[in-house]
Amino acid sequence: MSERIPQHRYTAELAGQIEAAWQDRWESEGTFHSANPAGPWAEPDDPRLTNGHTMVMDMFPYPSGAGLHVGHPLGFIATDVYARYLRTTGANVLHTMGFDAFGLPAEQYAVQTGQHPRVTTEANMEIYRRQLRRLGMGHERRRSFATIDPDYYRWTQWIFTQIYNSWYDVSAPARLGDGIGRARPISELVAQFESGERAIPDGRAWAGLSPAERAAVLDGYRLAYVSAAPVNWCPGLGTVLSNEEVTADGRSERGNFPVFKRNLSQWMMRITAYADRLVDDLERLDWPEKVKLMQRNWIGRSHGATVTFGPVERVEGGTTGIDVFTTRPDTIFGATFMVVAPEHPVLDEIVPSAWPEGTDPTWTLGEPDPRTAVAAYRTAASRKSDVERQADAKDKTGVFAGAFATNPVTGTKIPVFVGDYVLMGYGTGAIMAVPGQDERDWDFATAYHLPIIRTVQPTPDHPEDKAFTGEGPAINSSIEGLSLDGLGVAEAKERMIEWLEARGAGSRRITYRLRDWLFSRQRYWGEPFPIVWDEDGVAHTVPDDMLPVELPEVPDYSPRTFDPEDAGSSPEAPLARATEWVEVELDLGDGRGLRTYRRETNTMPNWAGSCWYYLRYLDPANDDALVDPAVERYWIGPRPAPVADAPAGATDPGGVDLYVGGVEHAVLHLLYSRFWHKVLFDLGYVSSEEPFRRLINQGMIEAYVYRDDRGFPVPAAEVEEHAGPGGTTYTWNGQAVTQEYGKMGKSLKNVVTPDEMCEQYGADTFRVYEMSMGPLEQYRPWETRAVVGSQRFLQRLWRNVVDEETGEVTVVDVELDAETDKALHRTVDGVRADLEALRTNTAIAKMIELNNHLTKLDAVPRAAVEPLVQMVAPVAPHLAEELWQRLGHTESLAYAPFPEADPAKLVEDVVTCVVQVKGKVRDRLEVPADVDEATLEGLALASPRVQASIDGAPVRKVIVRAPNLVNIVV
RNA sequence: GCCCCCGUAGCCCAACCGGCAGAGGCAGCCCACUUAAAAUGGGUUCAGUGCGGGUUCGAAUCCCGCCGGGGGCACCA
């Protein structure tokens with residue numbers, strides 16, 4: 001049987017041919033090459049350079065081997081549409097895509113398949129490249145790279161050496177003079193130590209220190225340093241992890257393995273030095289509020305005071321003080337006891353050998369003396385994991401330490417407790433407990449019969465048996481020479497801090513939740529550190545001219561992993577097995593000549609490569625610098641105007657113009673990257689203060705899952721839908737199945753791939769469908785059977801230009817009738833605004849509308865369909881190029897100027913005016929668009945239908961919004 | 001427990017600064033083409049905006065309180 005499909009119909013097959021042909025042509029012509037003002041690719045004469053510039057970027061993918069589904073390219077298509085649109089405005093547009101190819105996912109896939117990570121990673125990247133090409137991405141291929149390329153990670157290592165060889169000078173003026181604090185080369189700190197301008201913390205003389213001692217001093221300042229501290233050890237992954245990679249319930253973000261605290265010597269990055277700038281600069285960014293909030297919460301800056309509670313008697317004689325941090329210094333009058341963390345060192349000094357006279361029996365754990373009780377409590381606490389401690393959060397437990405401190409304001413003696421609801425890692429590890437204004441302290445006070453004093457007047461409806469944490473006037477807060485009574489919280493805080501500072505009992509203090517970034521991993525597949533260790537145990541950076549330090553071949557690249565529950569295991573770096581690589585003779589050029597060193601065997605986390613890749617996109621062929629300064633300034637330097645919604649007085653921080661990616665990187669990649677960028681800024685390598693000026697989180701495409709009566713998923717593509725009186729039902733192979741909504745995944749049997757869609761409909765149809773499903777940020781369900789609507793649109797557009805039977809172009813060169821002309825200009829105007837604002841879904845709706853209008857004409861005028869082809873080009877670029885060519889153009893339309901709307905044709909001369917009586921529509925009038933209010937009011941009141949509605953009632957008021965509306969109030 | 005986002009037709013989504021609830025698509029129904037079906041084309045039905053209050057001449061839109069869905073944080077002193 002012969003198919004009765006017209007020979008020249010725009011079918012998936014024809015689309016496939018057209019698409020492949022145009023992809024070849026774009027590639028051979030370098031259509032998407034953008035122009036650089038300087039550096040190896042300088043093209044200073046390119047006219048686009050002076051015509052505006054935009055950098056559009058996607059979060060680059062991991063070539064993990066799991067395979068793409070239709071959700072993955074959503075953001076890529078959106079940025080491609082935007083970039084293609086911008087090119088038609090004459091702008092110089094940079095849009096490319098590389099690969100985040102180091103790291104766990106790539107390594108795990110390699111381990112699973114028993115191959116070297118480089119082999120599988122490169123194979124997967126090839127698949128990705130082919131798929132991206134097939135989707136018609138206008139990426140600039142020559143700017144693409146992978147983080148595993150030695151030419152790339154050479155610079156990742158170089159940045160590490162810069163960070164390592166820097167320190168944060170909190171008192172130096174900011175680089176732009178607009179604040180205090182910046183990173184400086186470590187050599188300047190050494191000079192200060194040598195000259196004596198700055199004292200060494202423990203008071204020794206620099207000249208008298210050994211190399212190892214000097215190194216130890218400098219490690220206290222370097223922005224990258226080795227520290228022995230409790231870290232997150234994940235036996236299941238065989239590596240340590242940063243705080244950001246551990247979930248709230250104490251498991252690894254990747255793989256969901258248990259994580260344990262182990263004391264280990266690891267590389268850290270001093271991100272905490274930038275905490276303030278990382279918080280403050282958020283308001284200069286055009287980012288989703290949600291992401292800003294997540295970063296603010298993660299950094300967790302809180303303002304308060306440290307207050308010393310003392311004297312506490314020491315067992316060995318004399319007294320000591322206990323410092324607490326509080327955000328509520330205004331409530332000190334209500335501090336009736338203290339609690340220190342079980343790990344607090346002061347406990348070693350103050351716990352006496354006998355319970356004080358009259359100790360409440362509930363305070364003692366039933367132990368005969370405080371030492372036994374505190375020791376037992378500390379042991380029990382140390383056995384609890386963070387997870388268990390959190391799980392027990394409801395019950396406040398603790399034990400009396402047997403000692404008393406003095407409330408520095410009231411002079412009252414107050415008991416000191418040990419309690420695990422106080423964390424050693426936050427503030428000072430000790431708190432003043434104010435049960436009246438703190439729920440946790442209230443719980444503790446109730447459990448241990450401790451006094452409660454309210455120092456803020458609760459609201460009248462506040463329950464008697466609860467802490468009051470709200471705002472109100474201070475009460476019970478007076479002593480001789482100080483009264484907070486009647487003051488609001490903010491004012492009371494200020495007054496209190498001033499009082500404390502005047503007496504030396506406390507001082508203003510800011511604390512942060514953010515901790516330094518644990519930067520080393522015990523994995524093979526990552527960047528080696530550009531660090532060698534000498535025989536004294538002193539670290540040295542590898543000189544720039546010896547970079548990159550290439551990743552060696554090892555007999556076994558898989559990490560040593562352990563039983564996920566084996567908390568006692570220790571990490572082993574796979575690189576340590578490359579003994580010939582580890583032992584190395586080098587002349588570091590420091591005057592010490594050829595010496596033997598041991599290479600650092602940890603590798604960097606995969607965040608390292610993604611921390612700065614946007615900078616390399618700018619100038620990927622540059623061998624002399626990570627990016628030419630002029631190129632950086634041109635593409636992502638600060639713009640004259642601040643971003644939308646920035647507070648008054650804010651300046652633009654620079655950065656990538658548009659960055660699109662998933663929200664899952666809110667506090668990982670996006671925080672690390674901002675940190676590195678600010679270091680590079682301080683050191684003068686970049687002119688921008690932020691990496692990403694504008695961020696959009698694309699939504700996910702989800703899918704329906706169908707399950708049979710056993711609960712097993714059945715292939716979603718084979719499910720039939722039945723509309724019935726009792727609602728819609730679903731069957732698979734004749735048996736009833738249930739529908740639920742969720743993620744797309746192999747095990748759920750609902751995966752749809754871009755390749756399938758290209759096969760069945762063509763890439764352009766797929767692009768149009770994904771873009772018309774809804775706003776970019778929105779989560780939405782995939783529905784394959786709806787894709788045909790997008791295909792029909794493109795087929796109708798095709799048919800408006802080409803005869804399906806003969807393949808001939810059928811457009812006519814006639815003048816547009818008034819209606820078509822108006823529709824065209826309205827569409828151009830709307831589509832331009834929509835594409836500009838990334839509202840591609842509504843842009844497509846407007847194009848469909850115009851196309852449907854053209855379909856109804858006897859013959860399609862060229863003057864109408866050519867602009868439509870241009871407008872559709874960003875979304876369906878292959879089809880548009882093909883039609884453009886068939887319409888007689890020889891050049892690609894990638895740079896053809898976007899159609900302009902004539903403002904004169906956008907105004908209607910006659911509009912429909914709605915006449916309401918008491919807000920209800922009673923009549924419609926056709927009136928001139930420029931009708932004046934008085935005339936319109938007269939016309940409305942004269943309407944018989946309006947008069948009938950008014951029914952003789954007196955008119956109280958008439959609201960006129962010429963020319964659209966009149967509302968008569970009776 | 002606290003914070004953020006979202007609820008419009010059977011489904012996905014529009015609706016600009018508060019001003020006629022509907023741009024577009026899917027599905028359904030009718031018609032044309034076809035021996036027939038598919039494909040294609042043309043036409044058409046469908047909601048008063050999750051619920052309850054309030055502000056306003058006028059509310060999908062602003063405010064308050066619920067309900068439902070999604071997400072973030074959670075002894076942070």
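Residue A/K290 is in sugar-phosphate contact alone, with no base atom involved, counting any heavy-atom pair closer than 4.0 Å across all strands shown. Among the protein residues, A/V788 comes within range of the sugar-phosphate backbone only, with heavy atoms under 4.0 Å from sugar or phosphate atoms but none that close to a base. At a threshold of 4.0 angstrom between heavy atoms, the contacts of A/Q795 are confined to the sugar-phosphate backbone, with no base atom among them.
Between A/S302 and B/A77 there is a side-chain N or O to OP1 or OP2 distance below 4.0 Å. Within the 4.0 Å cut-off from OP1 or OP2 of B/U40, not a single side-chain nitrogen or oxygen of A/R796 is found. Between A/N852 and B/G25 there is a side-chain polar atom (N or O) within less than 4.0 angstrom of OP1 or OP2. Here A/R792 reaches the OP1 or OP2 of B/C26: one of its side-chain N or O atoms lies under 4.0 Å away. Of the side-chain N and O atoms in A/R799, none sit less than 4.0 angstrom from OP1 or OP2 of B/U40.
Look at B/C51: its glycosidic torsion is beyond 90° from 0, and that puts it in the anti range. Glycosidic conformation of B/G69: anti, with the torsion beyond 90° of 0.
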Taking N or O atoms only and anything under 3.5 Å, show me the protein contacts with nucleotides 55-60 of chain B, one pair per line.
{"from": "B/C57", "atom 1": "O2", "to": "A/N967", "atom 2": "ND2", "distance (Å)": "2.1"}

Check: protein-nucleotides 13-15 of chain B nitrogen or oxygen pairs below 3.5 Å:
{"from": "B/C13", "atom 1": "OP1", "to": "A/Q778", "atom 2": "NE2", "distance (Å)": "2.8"}
{"from": "B/C13", "atom 1": "OP1", "to": "A/Y779", "atom 2": "O", "distance (Å)": "3.4"}
{"from": "B/C13", "atom 1": "O5'", "to": "A/Q778", "atom 2": "NE2", "distance (Å)": "3.3"}
{"from": "B/A14", "atom 1": "OP1", "to": "A/N841", "atom 2": "ND2", "distance (Å)": "3.4"}

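Within the structure, side chain to side chain donor-acceptor pair (under 3.5 Å) contacts touching residues 333-342 of chain A (residues at least two apart or in different chains) do not occur. Each side chain to side chain donor-acceptor pair (under 3.5 Å) pair with one or both residues in residues 842-852 of chain A, not counting sequence neighbours, appears once here: A/R796-A/N852, A/N800-A/N851, A/D834-A/T842, A/D834-A/K846.
B/C67 and B/C51 have their C1' atoms separated by 7 Å, with the value rounded to a whole Å. Across the P atoms, B/G48 and B/G1 are found 34 Å apart, a figure rounded to whole Å. Taking the P atom of each, B/A21 and B/G50 are spaced 16 Å apart, rounded to whole Å.
Each of A/E804 and A/R785 was matched to the nucleotide of RNA chain B holding its nearest heavy atom; the match closer to the 5' end belongs to A/R785. When each of A/E289 and A/Y512 is assigned the nucleotide of RNA chain B bearing its nearest heavy atom, the one mapping closer to the 5' terminus is A/E289.
Taking atom CZ on A/F793 and atom P on B/G42, their separation rounds to 13 Å, with Å as the unit. Rounded to whole Å, the distance from CG on A/N851 to P on B/G41 is 10 Å. Rounded to whole Å, atom C1' of B/C26 lies 14 Å from atom CD of A/Q791. Atom C1' of nucleotide B/C2 and atom CD of A/E439 are separated by 10 Å, given to the nearest angstrom. Atom CG of A/N297 and atom C1' of B/G72 are 8 Å apart (whole Å). For A/D420 and B/C76, the CG to P distance is 13 Å, given to the nearest whole Å.
Here the side chain of A/A845 is nearest to one of B/A74, B/G43, B/G24, namely B/G24. The side chain of A/E783 has B/C11 as its nearest neighbour among B/C11, B/G43, B/C73. For A/I848, the side-chain atoms get nearest to B/G24 when compared with the rest of B/G41, B/A77, B/G24.
Across every strand in view, B/A59 sits unpaired, with no contact that passes the Watson-Crick or G-U test at under 3.5 angstrom.
A side-chain hydrogen bond (donor to acceptor under 3.5 Å, both in side chains) with A/R328 is found for exactly one of A/T326, A/D330, A/T331, namely A/D330.
Scanning for side chain to side chain donor-acceptor pair (under 3.5 Å) contacts around A/T469 gives an empty result, with sequence neighbours left out. Take A/H8 and apply the side chain to side chain contact (heavy atoms under 4.5 Å, CB included) test, not counting sequence neighbours, and it matches no residue.
Here the two rings, on A/F468 and A/W442, have centers that are 6.0 Å apart or farther.
When side chains are defined from C-beta on, A/D764 does not count as touching A/V875, because their heavy atoms never get closer than 4.5 Å. Using a 4.5 Å heavy-atom threshold, the side chains of A/T820 and A/H853 count as touching.
Because its NZ or CZ atom is both nearer than 6.0 Å to the ring centre of A/W298 and within 45° of the ring axis, A/R513 counts as a cation-pi partner of that residue. A cation-pi contact, defined as under 6.0 Å to the ring centre and within 45° of the axis, is absent between A/K396 and A/F444.
Aromatic ring orientation, A/Y706 versus A/Y704: tilted (interplanar angle from 30° to 60°).
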